[in-house]
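To start, the structure under review is shown below, and the notes come after it.
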2 protein chains.
Amino acid sequence: MAAFKAHQGWEALGDPSRFAIVQCLAERPRAVGDLADELPISRQAVSQHLRVLKDAGLVAAQAVGTRRIYRLNPAGVAALKDQLDTFWRRALDGYQNVIEDKTEEGS
Amino acid sequence: MAAFKAHQGWEALGDPSRFAIVQCLAERPRAVGDLADELPISRQAVSQHLRVLKDAGLVAAQAVGTRRIYRLNPAGVAALKDQLDTFWRRALDGYQNVIEDKTEEGS
DNA sequence: CTGAAGCGTAAGTCGTAGCTTTCGTTCGTG
DNA sequence: CACGAACGAAAGCTACGACTTACGCTTCAG
């Protein structure tokens, strides 16, 4: 199934810690240590999650001195939103089919 | 963090198998056995995944004889889409902040 | 009423993702 | 130049979840 490669972003957001990170980054860009301060996990763990999110195209890094400022990547978020939009639209079509099928179901 | 309960739908879509199921259901409602035929996993595994998706509010079941026709729940999909939309919007605001901060960064 | 088809559930196994710990690297500060 | 801060990477451990197997229930057909 071709979509198995496209759901990389979904696996990234599927983890609670990463979801929390994305939430924090949605408010404003932050450094790794700052993110770790607001999460119940270590800084290294945050770093690993950020790597996954970065590979998924959901976040981007910007080096400032010894710090690395991470921010959300709107394009990545938009990509996921687009897929959900497709599901949503097709689901509505499916509804129509079900209703129409019900008419012939009695035969 | 309050959002930890709300990401139930994200964990559901985070699994490749469940994502594939949602994809199939987006095309049209299907029975459990039909879904299993198009996936590399057993029918029971599909059944378990459907349970997770149902708990997450992403799918709904409809008994027809011995079969159970599953379909997407547009409301659940819309809920996730709404969260992504919030992220996306806040991310753009964050961009503005970064740009403005850059002005003062040189000092 | 008997048999089969279609599902859901429980128990058990196994892989893997997430977390911590440790270490190496880069950059700023005195 | 030496020290400390901030971060990434590798190794190891543990726990959770995905899948299978086996079983019981419901519904339709004969």
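So that the names make sense, note that chain A is the first sequence line, chain B the second, and so on, each numbered from 1. The structure presented is a predicted model; accordingly, all values stated were derived computationally and were not measured.
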Under 4.0 Å: is that the gap between some side-chain N or O of B:Arg18 and OP1 or OP2 of D:dA18? yes
Taking only the side-chain heavy atoms of A:Ala31 (C-beta and beyond), determine which of C:dG18, D:dC7, C:dG8 contains the nearest atom. D:dC7
Mind checking what makes ring pair (Phe, Tyr, Trp, His ring centres under 6.0 Å) contact with A:Tyr70, not counting sequence neighbours? none
Rounded off to whole Å, could you give me the CD-to-C1' distance for the A:Glu11 and D:dA18 pair? 13 Å
Measure from CG on B:Leu39 to P on D:dT20 and round the result to the nearest Å. 11 Å
Roughly how many Å is it from CG in A:Leu53 to P in D:dC7, rounded to a whole number? 16 Å
Measure the shortest side-chain to side-chain distance between A:Leu35 and A:Leu50 over non-hydrogen atoms and say whether it is less than 4.5 angstrom. yes
Between A:Arg18 and A:Ala12 (side chain of the first, backbone of the second, donor and acceptor by atom type, cut-off under 3.5 Å), is there such a pair? yes
Heavy-atom protein contacts under 4.0 Å, nucleotides 20-30 of chain C, coded B base, S sugar-phosphate only, - none: BBB----BS--
note: B:His49, atom NE2; C:dG8, atom P; distance rounded to Å ~ 13 Å
Counting C-beta onward and ignoring hydrogens, is there a side-chain heavy-atom pair between B:Arg90 and B:Thr86 closer than 4.5 Å? yes
Report the distance from atom CZ of A:Arg51 to atom C1' of D:dA10, rounded to the nearest whole Å. 12 Å
Using a 4.5 Å cut-off on heavy atoms from C-beta on, say whether the side chain of A:Leu58 contacts that of A:Asn73. no
Is any side-chain N or O of B:Tyr70 closer than 4.0 Å to OP1 or OP2 of C:dG6? no
In chain order, what residues pass the salt bridge (charged side-chain N to carboxylate O under 4.0 Å, His left out) check against B:Arg30, with sequence neighbours excluded? B:Glu27, B:Glu38
Return no unless some side-chain N or O of A:Ser17 is found under 4.0 Å from OP1 or OP2 of C:dC19. yes
By side-chain hydrogen bond (donor to acceptor under 3.5 Å, both in side chains) - contacts of B:Glu11 (at least two apart): B:His7
Five pairs per end, C1' atoms only: what is the angle between the end axes of the helix from C:dC1-D:dG30 to C:dG30-D:dC1, to 10 degrees? 20°
Here the salt bridge (charged side-chain N to carboxylate O under 4.0 Å, His left out) pairs for residues 72-88 of chain B, sequence neighbours left out, are A:Lys81-B:Asp85, A:Asp85-B:Lys81, B:Asp85-B:Arg89
Round to the nearest Å and state the distance from B:Asp55 atom CG to D:dG17 atom C1'. 15 Å
Distance, rounded to the nearest Å, where B:Leu50 contributes CG and C:dT9 contributes P: 11 Å
Starting at CZ of B:Arg68 and ending at C1' of D:dC28, how long is that distance when rounded to a whole Å? 16 Å
Go through A:Phe19 and B:Gln83 one step at a time and tell me if the side chain to side chain contact (heavy atoms under 4.5 Å, CB included) criterion holds. CA-CA 11 Å; A:Phe19 192 84; B:Gln83 287 194 51; 3.1 Å; yes
Which sits closer to the 5' end of DNA chain C, B:Ala61 or A:Val52, going by the nucleotide each is nearest to? B:Ala61
